[in-house]
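What follows is one structure encoded as structure tokens, with my remarks underneath.
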Amino acid sequence: MSSAVRPRRVNGLAPPYTAAQISTWIFLPLLVLEFCFFVSPLLPLAASIPCTLAFGCFAISSAVFGFLAMKVDPKDPRLPNENNVTTTTRTTAPTYDPEEPTKQCWICDVQVGEKSMHCKFCNKCVDHFDHHCMWLNTCVGKANYHYFFRCMVSIAIMLVIQAVIQLALILDIYLGSGATKERAEGWFQADATIAVVVVMAIFLFFNLGSLSLIGQLLLFHIRLQRNGLSTYQYIVRDNQQRREKARMEDELTMRREMTIAHAKNEGKGCLSLRLEANGILRKQCGVTCCDPLKTEEEGKEAEMAPHSGGNGVSNGDGQALTISNGDEDDDGIDDESKETENV
Ligand SMILES: [Zn+2]
Ligand SMILES: [Zn+2]
């Protein structure tokens, strides 16, 4: 298949636009308008100027970094320019390390960098591929990751400033000395307190929802950077770990069935009942601490535990079963990835 069959998306500003992208174009300007007409005028002058300046700076930086993240073409620099694509979509000349190992992309039909990936949405290989962002409607890679990250930081700070001020104003209207209420009446030339509170409450609701999403995304990317991983590498590693865990659980289920059969043959009713009960607990509730059977990973961790205190029980095949004291990790995933997984 040739990339000429389907055109390559140049950047996030090229159509077709996604619903998520258009929603940000509507929601972010609305946030700014709401701050200018409902929040800033209700603050005392001494607080209004610095708060509005701070909010404005982060609103502008969000827009600028978001625009740059969309405008920059993150394609692999080894890809030839298409006839209808000019190099003006890049802010800097495409460069790459000639020593970097390459691999063949059969869709682009060109040798690309080892860390490049072909994006099915953009139909091109992206240098140091991180992920395809539906909000920016473009791939995030080496060329625009820093703009993407700064855009996220700016939006998060902007949302925090707006949420804190709105919450303080709403509380002051109902619990304060009445100064905010007077400023609201003066600004709107009417008793518009309830309307102002309703508008601020609606925006606060969406604001906190957005903050929760973007806060999680930001923390996720901070942890990825600390671990030296891209989003794509994290997803690949996470999938591998899930598959490995599923494989070990399948093996454990087979081993449990054999052990129960042996226990029944030897008349060890209590052991077979216990194994059956622990198998159900493990599958239904994820409880593994009292299970005498362990996956390979759990077995290794139990051996390495300094005070495992395990009791050896024979399963009848000469294979030692470790009864755990329950203080080791029981999910078969290393701590580093588990930390990232909790994001
Ligand atoms: Zn490709
Ligand atoms: Zn893409």
Side-chain angles (χ1 to χ4, degrees), residues 1-25 61-155 217-218 220-222 224-225 227-239:
M1 181 182 171
S2 165
S3 60
V5 173
R6 196 159 66 91
R8 215 192 270 163
R9 287 199 76 241
V10 183
N11 57 25
L13 300 172
Y17 305 114
T18 62
Q21 183 184 28
I22 293 168
S23 73
T24 61
W25 293 350
S61 62
S62 305
V64 170
F65 289 131
F67 175 76
L68 289 172
M70 284 190 284
K71 184 171 181 284
V72 169
D73 182 359
K75 70 168 186 162
D76 188 292
R78 298 162 188 83
L79 291 183
N81 283 323
E82 286 188 333
N83 293 337
N84 58 342
V85 177
T86 63
T87 53
T88 54
T89 52
R90 276 189 176 272
T91 54
T92 54
T95 54
Y96 59 89
D97 179 7
E99 301 292 319
E100 186 188 349
T102 56
K103 62 181 180 184
Q104 175 73 18
C105 174
W106 299 106
I107 304 170
C108 297
D109 197 20
V110 71
Q111 287 280 320
V112 294
E114 196 179 34
K115 290 181 180 170
S116 292
M117 284 300 301
H118 190 92
C119 172
K120 65 178 180 180
F121 299 108
C122 300
N123 194 31
K124 68 184 177 191
C125 274
V126 174
D127 192 20
H128 287 67
F129 178 81
D130 190 86
H131 68 285
H132 180 92
C133 177
M134 288 296 175
W135 301 99
L136 295 171
N137 196 15
T138 186
C139 267
V140 176
K142 186 181 178 182
N144 60 350
Y145 183 86
H146 55 299
Y147 292 136
F148 161 78
F149 187 76
R150 286 172 202 180
C151 176
M152 266 196 310
V153 172
S154 301
I155 293 176
L217 190 63
L218 194 56
F220 176 67
H221 276 272
I222 289 170
L224 285 181
Q225 287 174 21
N227 294 331
L229 289 172
S230 67
T231 304
Y232 178 73
Q233 286 169 328
Y234 167 78
I235 291 169
V236 169
R237 198 177 77 164
D238 190 53
N239 285 343

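Not measured: the values here are computed from a predicted model.
To the nearest 0.5 Å, atoms CG (Asp73) and CZ (Arg8) are separated by 7.5 Å. Atoms CG and OH, from Leu229 and Tyr234 in turn, are 9.5 Å apart once rounded to the nearest 0.5 Å. Atom-to-atom distance recorded for Ile222:CD1 and Asn227:CG is 12.0 Å, nearest 0.5 angstrom. Between atom CG of residue Leu217 and atom CG of residue Leu224 there is a gap of 9.5 Å, rounded to the nearest 0.5 Å. Expressed to the nearest 0.5 Å, how far SG of Cys122 lies from CG of Asn11 amounts to 9.5 Å. To the nearest 0.5 Å, atom CG of residue Asn144 and atom SG of residue Cys139 are 8.5 Å apart.
The aromatic ring centroids of Phe148 and Phe65 lie 6.0 Å or more from each other. Taking the ring centroids of Tyr232 and His132, they lie at or beyond the 6.0 Å cut-off.
Residues that satisfy the salt bridge (charged side-chain N to carboxylate O under 4.0 Å, His left out) test with Arg150, not counting sequence neighbours, are absent from this structure. By the side chain to side chain contact (heavy atoms under 4.5 Å, CB included) test, His128 is found to be paired with Glu100, Lys115, Lys142, residues two or more places apart in sequence or in another chain being considered. Residues satisfying the side chain to side chain contact (heavy atoms under 4.5 Å, CB included) criterion with Gln104, sequence neighbours excluded, are Trp106, Asp109, Gln111. In this structure Ala63 satisfies the side chain to side chain contact (heavy atoms under 4.5 Å, CB included) test with no other residue, sequence neighbours excluded. Qualifying side chain to side chain contact (heavy atoms under 4.5 Å, CB included) partners for Tyr17, counting only residues two or more places apart in sequence or in other chains: Pro15, Gln21, Ile22, Trp25, Asn137. With sequence neighbours excluded, the residues forming a side-chain hydrogen bond (donor to acceptor under 3.5 Å, both in side chains) with Asp130 are Thr231, listed by chain and number.
Checked for salt-bridge contact, Asp76 and Arg78 meet the test: a charged N lies under 4.0 Å from a carboxylate O.
Residues Phe121 and Arg9 come closest through the heavy atom pair O-CD, 3.6 Å. Closest heavy-atom contact between Ser116 and Lys103: O-NZ, 2.6 Å. Across every non-hydrogen atom of Leu136 and Ala69, the tightest pair is CD1-CB, 3.8 Å. Scanning all heavy atoms of the two residues, the minimum distance from Pro74 to Val10 falls at CD-O, 4.5 Å. Between Gly141 and Val126, the closest heavy-atom pair is CA-CG1, 4.0 Å. The minimum heavy-atom distance between Ser62 and Cys151, with the atom names listed, is O-SG, 3.6 Å.
Within the 4.5 Å cutoff, the side chain of Asn123 has heavy atoms near those of the His118 side chain. Side-chain contact check for Phe129 versus Cys119: some heavy-atom pair is nearer than 4.5 Å. Asp127 is listed as a side-chain neighbour of Pro77, based on a closest heavy-atom distance under 4.5 Å. Looking at Val140 and Phe149, their side chains never come closer than 4.5 Å, going by heavy atoms from C-beta outward. The side-chain heavy atoms of Glu114 and Thr102, taken from C-beta on, include no pair separated by under 4.5 Å.
By the 30° and 60° cut-offs, the orientation of the rings of His221 relative to Tyr145 is tilted.
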